[in-house]
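Below is one structure, written out as structure tokens; comments come after it.
The figures that follow rest on heavy atoms only: side chains count, while hydrogens, waters and symmetry mates do not. Residue numbers start from 1 in every chain, and the chains themselves are labelled A, B, ... in the order their sequence lines are given, proteins ahead of strands.
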There are 2 protein chains.
Amino acid sequence: MSTLATPVANLHIAPSDKLHDLLADYPDLLEQADAHCWAMLEMAKLHTFDANTVMFSENMECKHLMLVVEGTVRVFKDSDEGREMTLYRVEPGELCIHNLNNLVNGMPYPIMAQAETSVRGLVISRTEFHNTMSKSDGFRNYVLRSLTERLANLVNLVSGLAFDRLDLRIACWLQAQFERNCGRAIAITHSELGHELGTTREMVSRILKDFEHKRCIKLSRGSIHLNCKHTLKLVSQGKGKRTTRA
Amino acid sequence: MSTLATPVANLHIAPSDKLHDLLADYPDLLEQADAHCWAMLEMAKLHTFDANTVMFSENMECKHLMLVVEGTVRVFKDSDEGREMTLYRVEPGELCIHNLNNLVNGMPYPIMAQAETSVRGLVISRTEFHNTMSKSDGFRNYVLRSLTERLANLVNLVSGLAFDRLDLRIACWLQAQFERNCGRAIAITHSELGHELGTTREMVSRILKDFEHKRCIKLSRGSIHLNCKHTLKLVSQGKGKRTTRA
DNA sequence: CTATAAGTGTGCTCAAAGTTACAGAGTTTG
DNA sequence: CAAACTCTGTAACTTTGAGCACACTTATAG
């Protein structure tokens with residue numbers, strides 16, 4: 001599965017209105033973008049990556065920064081025993097922030113990033129990045145904000161791993177997804193969910209089944225349906241211990 | 001134990017040579033500092049905090065950034081069941097990077113920071129921070145580097161928690177400490193070590209005892225002595241499963 | 001020099017998570 | 001439709017980590 005990160009298309013970007021279109025739906029950056037920031041984005045190249053492209057891994061050096069325009073990139077850590085754990089996702093309007101480590105520190109980085117869908121992104125060179133960081137207040141704030149937000153998320157990950165039982169972590173994950181999805185079914189297999197949370201397929205199956213018995217959710221092949229928001233909330237708050245062996 | 005974060009002393013700083021003295025031993029920042037950066041530091045106030053001062057916690061808002069000059073600050077997360085887990089330490093020449101979250105995002109942050117020793121630090125106001133970030137390449141790079149380094153450390157924490165057995169995590173921690181200490185004994189109680197790694201005193205006692213039986217270390221009240229670097233390395237690489245129940 | 005506190009060792013029990021193994025259900029493909 | 005594959009359910013078992021209880025040791029304070 002080690003598809004190399006070769007861009008499918010690679011074209012200079014058209015004038016500003018095109019750029020606006022690309023970023024139209026992602027206000028996070030737009031609201032902070034100033035002239036310098038736009039200038040940088042104008043110079044950026046739009047690359048397209050196929051789904052499942054490995055965008056960086058253990059030893060790959062990454063000399064560029066990318067702003068995702070379409071699709072999502074999953075950043076994760078894998079273990080030698082075949083387990084893995086999602087650290088976060090980079091979504092449209094967001095920066096592949098871990099590239100920064102490479103960019104700023106020059107250090108390689110023992111994690112992987114992989115396109116989940118087909119991904120389009122604006123690729124910014126190292127020098128352009130530093131240049132704009134110096135000139136554009138908006139871009140600088142945007143980058144800082146991204147970094148500190150990721151930091152905050154990672155701290156939450158840590159505390160979940162250190163202190164929370166797996167069933168709670170799964171319940172919280174479900175809650176967050178259903179929230180995002182406005183209650184619509186989540187398309188994911190148990191094994192994938194295991195990879196999200198750094199655990200095994202069997203544990204996920206067992207715990208989800210338990211939730212189904214508690215009537216929070218309804219399971220079907222490849223997807224999870226919300227049954228009762230309220231019950232799920234209770235479960236995710238730790239009320240009612242697990243019932244697996246009762 | 002909720003000593004409020006009240007500075008003990010609070011004086012305007014003397015001219016540049018004094019500043020140089022304060023930071024003399026911490027080249028990380030010095031080598032990047034330029035005129036703007038120095039100007040900011042000149043304006044900073046030197047505060048002193050007693051050991052054990054809680055520097056920020058769950059709901060405290062923090063409107064300043066601090067550069068630690070002397071002493072160390074431990075940043076950790078605690079659980080409702082009385083366990084806790086060290087996220088990282090801020091040492092001389094380093095920034096209290098989590099303040100940045102507050103500073104940049106304005107969000108409060110569910111972690112604690114506490115002075116381990118008496119701490120002196122240069123306190124920089126929010127506006128001065130942003131101002132210098134815009135003007136000083138050196139400072140900006142320094143901040144970015146700090147952030148990305150913390151990010152990298154947190155990722156390692158996550159993968160340790162998710163994938164490694166406790167004995168390995170303890171062995172690695174010991175290794176790192178002995179490295180720092182040039183092989184000299186580490187002064188720490190089992191309970192404190194538990195708080196470092198998010199586990200309990202008993203587990204630490206048991207596992208350390210096991211290591212002692214393996215002749216890596218020698219235990220005594222309140223400190224851990226290195227016995228055989230090589231054996232410890234083997235243990236920390238996962239060779240030789242635990243012997244506790246054999 | 002005692003009393004008290006802090007730190008350590010350890011056995012027992014239990015719960016959580018992971019592992020192995022396999023059966024069966026649902027999909028896809030030729 | 002039959003074969004091959006993917007996904008799910010689950011039982012039995014092992015390992016890891018936590019919690020409790022208590023004995024014992026070392027340090028500190030009065």
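- A straight line from CG of B:Leu197 to P of D:dT16 spans 17 Å, rounded to a whole angstrom.
- Applying salt bridge (Lys or Arg N to Asp or Glu O under 4.0 Å) to A:Glu196 and the options A:Arg169, A:Arg89, A:Arg201 leaves one that passes, A:Arg89.
- In this structure, A:Ile207 atom CD1 and D:dG9 atom C1' are separated by 14 Å, rounded to whole Å.
- Checking the phosphate oxygens (OP1, OP2) of C:dG9, a side-chain nitrogen or oxygen of B:His190 falls inside 4.0 Å.
- Here D:dT16 presents its C1' atom at 12 Å from CD1 of B:Ile170, a figure rounded to the nearest Å.
- Using a 4.0 Å cut-off, some side-chain N or O of A:Thr199 falls inside it from OP1 or OP2 of C:dG18.
- Computed from coordinates, the A:Asp164 CG to C:dA17 C1' distance equals 15 Å when rounded to whole Å.
- Among the nucleotides D:dT8, D:dA18, D:dT10, the one closest to any side-chain atom of A:Glu202 is D:dT10.
- Looking at the side chain of A:Arg201, the nearest of the listed nucleotides C:dA17, C:dT8, C:dA21 is C:dA21.
- Here the P atom of nucleotide C:dG11 and the NZ atom of B:Lys209 are 12 Å apart, to the nearest Å.
- A:Leu208 has its CG atom 12 Å from the P atom of D:dT10, to the nearest Å.
- Interface remark: the A:Arg165 side chain does not form any donor-acceptor pair with the C:dA17 base, using a distance-only criterion of under 3.5 Å.
- Here A:Met203 contributes atom CE and A:Leu197 contributes atom CG; the two are 11.5 Å apart, rounded to the nearest 0.5 Å.
- Inspection of the A:Arg215 and A:Thr231 side chains reveals no N or O donor paired with an N or O acceptor under 3.5 Å.
- In this entry the distance linking CG of A:Leu168 with C1' of C:dA16 reads 12 Å, nearest Å.
- For the atom pair CD1 of B:Ile111 and OH of B:Tyr88, the computed distance is 5.5 Å after rounding to the nearest 0.5 Å.
- Taking atom CE of residue A:Met203 and atom P of nucleotide D:dT14, one finds them 17 Å apart after rounding to whole Å.
- Residue-to-nucleotide proximity on DNA chain D shows that, of A:Arg221 and B:Thr200, the 5′-proximal contact is made by A:Arg221.
- Between B:Arg83 and D:dA18 there is a side-chain N or O to OP1 or OP2 distance below 4.0 Å.
- Nucleotides of DNA chain C nearest to B:Glu192 and B:His213 differ in position, and the one nearer the 5' end is that of B:Glu192.
- With B:Val90 as the fixed residue, the side-chain contact (heavy atoms from CB on, under 4.5 Å) test singles out one of B:Met66, B:Met55, B:Arg150, B:Arg74: B:Arg150.
- Among the protein residues, A:Arg169 comes within range of no part of the nucleic acid, since none of its heavy atoms lies under 4.0 Å from any strand.
- For C:dT10, its base never sits under 3.5 Å from the side chain of B:Arg206 at any donor and acceptor pair.
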